[in-house]
Number of protein chains: 2
Amino acid sequence: MTANILLVEDEPAIQELLAFNVTQCGFRAIQARDVASATAEINRALPDLILLDWMLPDVPGVELARRLRADQRTRNIPIIMLTARTDERDKVMGLESGADDYITKPFSPRELMARIRAVLRRRMPQMSEETVRAEGLELSPTTHRVNANGSPLDLGPTEFRLLHFFMTHAERVYSRAQLLDQVWGDHVFVEERTVDVHIRRLRQAMEPSGMDRLVQTVRGSGYRFSTS
Amino acid sequence: MTANILLVEDEPAIQELLAFNVTQCGFRAIQARDVASATAEINRALPDLILLDWMLPDVPGVELARRLRADQRTRNIPIIMLTARTDERDKVMGLESGADDYITKPFSPRELMARIRAVLRRRMPQMSEETVRAEGLELSPTTHRVNANGSPLDLGPTEFRLLHFFMTHAERVYSRAQLLDQVWGDHVFVEERTVDVHIRRLRQAMEPSGMDRLVQTVRGSGYRFSTS
DNA sequence: AAGTATTGTGACAGTAGTGTGACAGTTACG
DNA sequence: CGTAACTGTCACACTACTGTCACAATACTT
């Protein structure tokens, strides 16, 4: 997964530091010194994530963020704001402009990387519109249908999203909180045990085809979707 | 969650101030005046966070940070650098050495505490998620699975954490008290002999693959995970 | 060799974590 | 509207795990 990351920053020293760290982590760094060249780069090829400085020579970074959010094509590109100001109001403005996260200068490279990864991880699942297949299961996001060994599965909306998430994130264990974040959304206020109930409903729907064994409980940790 | 914080600072006045603030916030303060004693403290028991002064009598703080980052066992311990210098180059150097954050003297106690909490919050949830391998053993925290020469091991939650700790802290002997701190958590009230029982359960699970020999008893001291 | 300290082991009750059925409130849709 | 589907929550059942003990086995001391 070599994501393209667009760095918009005018100070050469910081620009260089960013590029160094980003490439170090296996991402591809695309550099821009101002909003004008950033826009050009975006038009050339959509990046997977934008690291955007607050202060830029031509137009404020927030303004670019707003523009990107207004455009259908760039709406879903995650943005991390890079700002020197620390007072709360600026932070809120940065977020309300559509940034997914922000980080204040001076920043620690480790923290920056952690946030980049977190944002990318959060974004990735919703980009996949392709049909997912695994172990006789076939889930198609576009037609909203699931097949288990040829016979259709009847799932509710939540169970569908849950199964879709599991199939695109197989093997890994997810805690109830993580599943709530990923499947329900990271803002909702729902009991963690609700996850259990939907897991059960998913298993119940998968039981006739014998596929329910794929949804596994990891006691003390959460759940896992696995073919073994 | 009373985290252990190691304070490495030579000036007695600041050392005291740090210790006061840290304990005030419910953390346990471990004090060291130089790199030598800091290293000794780290070897005795791994702290959850290190507050590291830039200038120290024996070795520069950055050097200690680099060393800690190079060692497998201490790689994931968050470090906050404490520095009087404010010019940008020093900051970058401090961060590239692997510090998670830094704070310039003179600092406000509130800011210090905020950073400590932020770093801890960021660190705590993830216990080094990388797959650990040793001698035909393969433990993956993300999938929550253990393989011993290809065949899966069935471990309870505690045995899993115990093995994970051992594999990431191989060769070294740990007393029962230290194991309770590191694997159970430093707040729990549990008999020391309980460790013995879990060691036995771990060995029992590893026995079919012949891996139980890796968990060794050091009479009078504790246990050790070793490949020899 | 006996005596003492330390560790291994089996059993067991209590408990935390999970499965499950039922139900009321909500939304979707004809 | 009225009905059907879906959602979130609860109470209860059930299971696996935990911590502790008593006693056996072992290593060390004198």
Side-chain angles (χ1 to χ4, degrees), chain A residues 144-146 152-166 173-208 211-226, chain B residues 144-146 152-166 173-208 211-226:
Chain A
H144 215 270
R145 272 170 211 272
V146 192
L153 284 193
D154 187 29
L155 299 179
T158 307
E159 282 75 51
F160 185 87
R161 286 201 309 277
L162 186 58
L163 179 57
H164 184 226
F165 176 78
F166 270 143
V173 178
Y174 290 93
S175 69
R176 293 172 174 74
Q178 286 175 315
L179 288 173
L180 283 178
D181 274 4
Q182 300 282 341
V183 179
W184 275 254
D186 48 1
H187 41 30
V188 292
F189 173 63
V190 172
E191 283 290 322
E192 287 205 344
R193 290 300 311 273
T194 301
V195 174
D196 297 32
V197 180
H198 283 275
I199 287 283
R200 179 184 154 270
R201 286 170 182 158
L202 178 57
R203 280 171 174 161
Q204 214 161 19
M206 298 172 80
E207 202 187 339
M211 295 295 198
D212 57 321
R213 68 184 178 81
L214 298 183
V215 180
Q216 302 166 356
T217 305
V218 181
R219 196 180 175 86
S221 298
Y223 296 96
R224 171 180 53 200
F225 182 86
S226 174
Chain B
H144 211 273
R145 291 194 135 119
V146 191
L153 285 192
D154 187 29
L155 300 180
T158 306
E159 282 74 51
F160 187 88
R161 287 200 309 276
L162 186 57
L163 179 57
H164 184 238
F165 177 78
F166 271 142
V173 181
Y174 288 92
S175 70
R176 294 172 173 75
Q178 285 176 317
L179 288 173
L180 282 179
D181 273 6
Q182 300 281 340
V183 179
W184 274 255
D186 46 1
H187 48 345
V188 292
F189 172 64
V190 172
E191 283 290 322
E192 289 206 342
R193 290 301 310 274
T194 300
V195 175
D196 298 32
V197 180
H198 283 275
I199 288 283
R200 179 186 152 268
R201 285 170 182 158
L202 178 57
R203 281 171 172 161
Q204 210 161 22
M206 298 172 79
E207 202 187 338
M211 295 294 199
D212 55 322
R213 69 187 175 81
L214 298 182
V215 181
Q216 302 164 355
T217 305
V218 181
R219 193 177 174 88
S221 300
Y223 296 94
R224 170 180 56 199
F225 182 88
S226 174

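Per chain, numbering begins at 1; letters A, B, ... match sequence-line order.
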Below the 4.0 Å mark, does [N] have OP1 or OP2 next to a side-chain nitrogen or oxygen of [X]?
X: Arg203(A); N: dG19(C); value: yes
X: Thr217(A); N: dG19(C); value: yes
X: Trp184(A); N: dG8(D); value: yes
X: Tyr223(B); N: dT6(C); value: no

Practice problem: Provide the closest heavy-atom pair for Leu155(B) versus Ala205(B) in the form atom of the first, atom of the second, distance. | Solution: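 Closest approach of Leu155(B) to Ala205(B), heavy atoms only: CD2-CB, 3.4 Å.
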
Quiz item: Nearest nucleotide by nearest heavy atom, which residue falls closer to the 5' end of DNA chain C, Arg200(B) or Gly222(A)?
Solution: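 The residue mapped nearer the 5' terminus is Arg200(B).
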
Exercise. On DNA chain C, check which nucleotide each of Val197(B) and Arg193(A) is closest to and give me the residue with the more 5' one.
Key: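 Whichever sits nearer the 5' end wins; that is Val197(B).
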
Self-check item: Mutual orientation of the aromatic rings belonging to Phe225(A) and Phe166(A) [parallel < 30°, tilted 30-60°, perpendicular > 60°]
Solution: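 Parallel, since the angle between the ring planes stays under 30°.
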
Quiz item: Parallel, tilted or perpendicular: which fits the ring planes of Phe160(B) and His144(B), with parallel below 30° and perpendicular above 60°?
Solution: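 Rings of Phe160(B) and His144(B): parallel, under 30°.
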
Take atom [atom1] of [X] and atom [atom2] of [N], then tell me their distance rounded to the nearest Å.
X: Leu202(B); N: dT18(D); atom1: CG; atom2: P; answer: 12 Å
X: Arg219(A); N: dG17(C); atom1: CZ; atom2: C1'; answer: 4 Å
X: Glu207(B); N: dT9(C); atom1: CD; atom2: C1'; answer: 12 Å
X: Asp212(B); N: dG8(C); atom1: CG; atom2: P; answer: 12 Å
X: His198(B); N: dC21(D); atom1: NE2; atom2: C1'; answer: 14 Å
X: Asp196(A); N: dT18(C); atom1: CG; atom2: C1'; answer: 6 Å
X: Glu159(B); N: dA16(D); atom1: CD; atom2: P; answer: 15 Å
X: Ile199(A); N: dG17(C); atom1: CD1; atom2: P; answer: 17 Å

Quiz item: Once you round to the nearest 0.5 Å, how far does CE of Met211(A) lie from CG of Leu153(A)?
Solution: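 Result: 8.0 Å between the selected atoms.
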
Quiz item: The side chain of Arg201(A) lies closest to which of these nucleotides: dC21(D), dC12(C), dG8(D)?
Solution: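 Selected nucleotide: dG8(D).
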
Quiz item: So what does Val195(B) hit on the nucleic acid, given a heavy-atom distance under 4.0 Å: a base, only sugar-phosphate, or nothing?
Solution: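 Nothing, no nucleic acid heavy atom in range.
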
Quiz item: Can Ser226(A) and Arg145(B) be counted as having a side-chain donor-acceptor contact under 3.5 angstrom?
Solution: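 Ser226(A) vs Arg145(B): donor-acceptor pair found between side chains.
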
